[in-house]
There are 4 protein chains.
Amino acid sequence: MARPKSDDKRNAILSAAIQAIVNHGLSASTALIAQEAGVANGTFFTYFKTKSELFNQLYLELKTGMASTALDDMPPEVTIKEQIYNVWSNWVHWAVESPNKRRALALLGVSDELTAETRDEGHLVMAPLARLIEQIHENGAMRDAGMEFVIALMNSIAETTMDFARRSPEKAEEYCKTGFDALWRLMA
Amino acid sequence: MARPKSDDKRNAILSAAIQAIVNHGLSASTALIAQEAGVANGTFFTYFKTKSELFNQLYLELKTGMASTALDDMPPEVTIKEQIYNVWSNWVHWAVESPNKRRALALLGVSDELTAETRDEGHLVMAPLARLIEQIHENGAMRDAGMEFVIALMNSIAETTMDFARRSPEKAEEYCKTGFDALWRLMA
Amino acid sequence: MARPKSDDKRNAILSAAIQAIVNHGLSASTALIAQEAGVANGTFFTYFKTKSELFNQLYLELKTGMASTALDDMPPEVTIKEQIYNVWSNWVHWAVESPNKRRALALLGVSDELTAETRDEGHLVMAPLARLIEQIHENGAMRDAGMEFVIALMNSIAETTMDFARRSPEKAEEYCKTGFDALWRLMA
Amino acid sequence: MARPKSDDKRNAILSAAIQAIVNHGLSASTALIAQEAGVANGTFFTYFKTKSELFNQLYLELKTGMASTALDDMPPEVTIKEQIYNVWSNWVHWAVESPNKRRALALLGVSDELTAETRDEGHLVMAPLARLIEQIHENGAMRDAGMEFVIALMNSIAETTMDFARRSPEKAEEYCKTGFDALWRLMA
DNA sequence: CATGAATGAGCGTTCATTCAT
DNA sequence: GATGAATGAACGCTCATTCAT
């Protein structure tokens with residue numbers, strides 16, 4: 001059963017899970033998810049051995065999707081700062097346009113269903129951004145603090161920025177810039 | 001009143017709830033909480049009409065406790081910056097010393113059991129810090145951004161700082177200072 | 001504890017029980033009954049050892065009250081038929097004026113909380129009516145059927161008559177008469 | 001459909017419910033009903049969304065069964081009186097042979113779990129008998145009273161007759177006839 | 001493989017009754 | 001005696017998971 005027959009069904013379940021999680025939290029039942037996916041109750045378990053496994057895979061899928069949007073078309077010809085801003089901007093726009101995915105990702109992220117392995121894999125996908133940050137960081141204001149700490153701070157500033165951008169999409173551009181400037185002051 | 005409702009028991013239930021939430025998440029059963037509190041199943045409902053009510057009251061209790069520790073003994077004779085640092089430092093130390101309370105508070109904060117009223121009351125308790133920040137902010141680097149945004153950024157930086165301080169208590173002092181400096185650069 | 005201190009409280013509980021039974025059926029909780037009676041939860045059990053005991057005593061109290069209203073001021077100078085009609089009429093009027101008592105009595109009557117003893121005592125209270133009926137019956141149309149059967153038929157006709165009288169109190173007089181005539185045709 | 005819902009199981013649950021209601025009243029637990037039906041606790045809810053739904057469906061099933069027995073093989077060639085007697089007799093025999101069903105039906109009938117809709121449907125099933133009665137009634141002794149009242153009286157006489165017939169099955173035939181004669185005197 | 005019925009542990013909550021005050 | 005908190009069994013119902021079809 002390495003690759004179950006229908007990718008369509010797998011994807012339908014994943015999409016349904018996002019909806020269900022947004023509407024009912026992580027306690028959304030597998031029956032509801034299956035129903036919203038248009039498949040039978042039991043079919044759920046053909047594609048995901050347990051509910052927990054769905055959560056782990058959904059988390060990775062969402063995080064990967066987010067990263068690939070954020071890291072999309074990175075122009076190599078420009079300054080690092082511009083490269084970082086490019087990612088930052090993509091990221092914020094993703095949040096504004098995919099609020100459900102972001103909400104589901106957030107809920108999954110704080111749940112205790114995620115395995116350590118999943119969390120590790122999750123961190124990897126944003127590594128390219130981390131590598132850009134690193135170049136700024138090594139001569140920046142926080143050069144004496146560990147990279148991990150700086151990355152975590154960046155993440156939290158990004159999350160806050162995305163929260164505000166999503167809540168007021170008409171000011172998204174503004175929050176995007178203000179948030180980025182704040183980040184830059186903090187670490188550059 | 002025959003046998004008055006016992007504060008001891010109420011507190012035992014609240015404490016047990018913290019433990020249970022840390023160990024099992026918000027789906028910790030009322031039966032488990034009661035058991036850990038050393039009272040009978042049904043006694044839970046003498047003190048809290050519903051599980052939801054427990055969550056709301058626990059949230060407020062934890063948030064109030066956190067705030068009162070953070071805002072403790074604010075010296076009025078010193079600079080604003082020193083005042084803010086004092087709060088910041090108390091806050092971080094609270095996190096290091098009460099990791100369970102902090103974890104429970106975080107889980108409760110993202111749950112959808114909290115009423116709007118509870119959330120509002122919860123925001124109030126850190127208002128004194130917000131008022132200090134405001135004085136810095138009005139001439140600071142982010143003076144064009146809304147206070148709400150700045151407060152949210154401060155919060156997220158604080159949370160990240162506390163995460164790292166808790167994870168490596170021996171470096172707590174260092175993270176505390178580094179985090180504060182980062183905050184200051186960001187907004188002062 | 002043969003006669004607990006306060007008859008007031010006992011009566012308050014009995015009255016409250018009627019209300020509670022009307023509103024919530026026999027599953028009305030002892031706590032609710034106590035509350036409506038204005039006494040504490042535990043006081044209930046000072047006056048009635050168990051909920052079942054309350055039900056049995058309430059049943060007798062209601063049935064006795066009904067009988068004493070129905071059998072009130074029986075004039076001995078008139079024909080048997082007139083005597084019976086007098087009881088019949090009192091009975092129907094009681095039903096119209098005390099619909100809650102009647103409803104509670106009905107629910108208690110079909111419950112399986114009543115002991116055989118209670119049921120027996122309950123039958124006794126209408127015995128004077130039975131004795132009147134007997135005199136008609138012994139030469140009547142049903143003289144070959146047992147008295148018990150005739151009494152039961154009379155009871156069921158009475159109940160139906162009371163149902164209709166209560167539902168349309170403005171036609172109560174009419175139903176009272178029509179019902180009685182029907183009874184008379186049936187057995188006289 | 002994978003494993004179709006089994007009529008056997010549905011019927012087993014309905015039968016078990018009758019038993020359980022007879023033995024424990026309407027407060028018979030779903031767990032007990034399931035157990036007596038030989039299915040798992042949760043299976044109950046595959047067949048009936050709620051306990052209330054079971055009660056409503058059981059009521060209809062019982063009432064329909066009763067009616068179809070009572071109204072079985074109505075000979076059209078005979079007098080109305082004979083037709084009515086035929087129904088009456090079938091009805092009484094049903095009561096003697098299915099005392100549990102009758103007891104359950106009675107308890108359900110006075111419960112407040114029944115929806116108005118269920119009650120309405122329930123009334124319909126005995127309508128053919130009502131129509132026969134109507135033909136007698138329109139020129140009978142009670143022609144000035146409403147049909148509803150007469151039907152209700154007939155019902156209550158029938159119930160009483162069935163009670164006595166069931167309690168003394170060896171005299172069932174006698175009660176059947178005596179009851180019918182009483183009814184006839186009352187309304188014809 | 002897809003389906004949906006079957007399972008039974010588990011949940012939040014209620015309640016008759018007891019008992020400390 | 002009156003009070004109301006304490007108790008724990010019980011209840012209706014849900015749900016992740018299994019398995020017959």
Side-chain angles (χ1 to χ4, degrees), chain A residues 1 4-6 9 27-35 37-55, chain B residues 1-6 8-10 24 27-35 37-54, chain C residues 1 4-6 9 24 27-35 37-54, chain D residues 1-6 8-10 24 27-35 37-54:
Chain A
M1 208 185 319
K5 204 157 109 196
S6 154
K9 266 176 190 144
S27 62
S29 73
T30 58
L32 176 65
I33 294 170
Q35 190 188 71
V39 303
N41 204 331
T43 301
F44 181 101
F45 295 91
T46 303
Y47 290 85
F48 304 94
K49 215 157 46 217
T50 64
K51 194 186 183 188
S52 230
E53 188 180 305
L54 164 74
F55 281 166
Chain B
M1 214 183 323
R3 208 180 326 185
K5 247 181 265 200
S6 136
D8 276 6
K9 257 171 198 144
R10 197 186 117 94
H24 303 90
S27 62
S29 75
T30 57
L32 175 66
I33 294 171
Q35 192 189 64
V39 301
N41 208 322
T43 298
F44 181 102
F45 296 94
T46 301
Y47 289 85
F48 303 95
K49 220 160 30 223
T50 63
K51 194 187 184 189
S52 226
E53 189 178 305
L54 164 75
Chain C
M1 208 185 315
K5 203 156 111 197
S6 153
K9 268 180 188 140
H24 302 91
S27 63
S29 73
T30 57
L32 176 65
I33 294 170
Q35 191 189 70
V39 302
N41 203 332
T43 300
F44 180 102
F45 294 91
T46 302
Y47 289 86
F48 303 95
K49 214 157 46 218
T50 64
K51 195 188 183 187
S52 230
E53 188 179 305
L54 164 74
Chain D
M1 212 183 324
R3 208 181 326 187
K5 246 180 265 198
S6 137
D8 277 5
K9 258 172 198 143
R10 198 187 116 92
H24 303 91
S27 62
S29 75
T30 57
L32 175 65
I33 294 171
Q35 193 188 64
V39 302
N41 208 319
T43 299
F44 180 102
F45 297 94
T46 301
Y47 288 85
F48 304 95
K49 223 160 30 226
T50 63
K51 193 188 184 188
S52 226
E53 190 179 305
L54 165 74

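Throughout, protein chains are lettered first and strands after them, A, B, ... in sequence-line order, and every chain is numbered starting at 1. Small disclaimer: the values here were computed from a predicted structure and weren't measured.
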| Given dG4(E), is OP1 or OP2 found less than 4.0 Å from the side-chain N or O atoms of Lys5(D)? | no
Could you go through residues 27-35 of chain B and list every donor-acceptor pair under 3.5 Å that involves a side-chain atom there, pairing it with any protein atom two or more places apart or in another chain?
from     : atom 1 : to       : atom 2 : distance (Å)
Ser27(B) : OG     : His24(B) : O      : 3.3
Ser29(B) : OG     : Leu32(B) : N      : 3.0

| request: Return the value, rounded to whole Å, for the distance between atom CG of Leu54(B) and atom C1' of dC11(E). | output: 15 Å
| Contiguous Watson-Crick or G-U pair runs (3 or more, under 3.5 Å) in DNA chain F | E:2-21 with F:2-21
| Nearest heavy-atom neighbours spanning Thr46(B) and Lys5(B) | O-NZ, 3.4 Å
| query | Asp8(B) has an atom CG; how far is it from atom P of dA6(F), in whole Å? | reply | 11 Å
| said: I want to verify a distance call: between dG8(F), dC19(F), dG4(F), whose nearest atom is closest to the Ala40(B) side chain? | reply: dG8(F)
| task | Would you kindly give the CG-to-P distance between Leu32(C) and dG4(F), to the nearest whole Å? | result | 16 Å
| Nearest-Å distance for atom pair NE2/C1', residues His24(D) and dC11(F) | 14 Å
| said: If you assign Gly38(C) and Thr43(B) each to the DNA chain F nucleotide with the nearest heavy atom, which residue ends up on the more 5' nucleotide? | reply: Gly38(C)
| message | Does any part of the side chain of Phe44(B), heavy atoms only, come nearer than 4.5 Å to the side chain of Leu54(B), both counted from C-beta? | response | yes
| field | Closest non-hydrogen atom pair, Glu53(C) against Tyr47(C) | value | OE2-O, 4.3 Å
| task | Provide, to the nearest angstrom, the distance between the CZ atom belonging to Arg10(D) and the P atom belonging to dA5(E). | result | 14 Å
| message | Between Tyr47(A) and dC1(E), is there a contact of a side-chain N or O with OP1 or OP2 at under 4.0 Å? | response | no
| task | Could you tell me which non-hydrogen atom of Phe48(D) sits nearest to which non-hydrogen atom of Arg10(D), and how far apart they are? | result | CE2-NH1, 3.6 Å
Check the interface with nucleotides 13-15 of chain E: list each N/O to N/O pair with the protein under 3.5 Å, or write none.
from    : atom 1 : to       : atom 2 : distance (Å)
dT13(E) : OP2    : Lys51(B) : N      : 2.9

| request: With the side chain of Thr46(B) defined as its heavy atoms from C-beta on, choose the nearest nucleotide among dC19(F), dT7(E), dA6(F). | output: dA6(F)
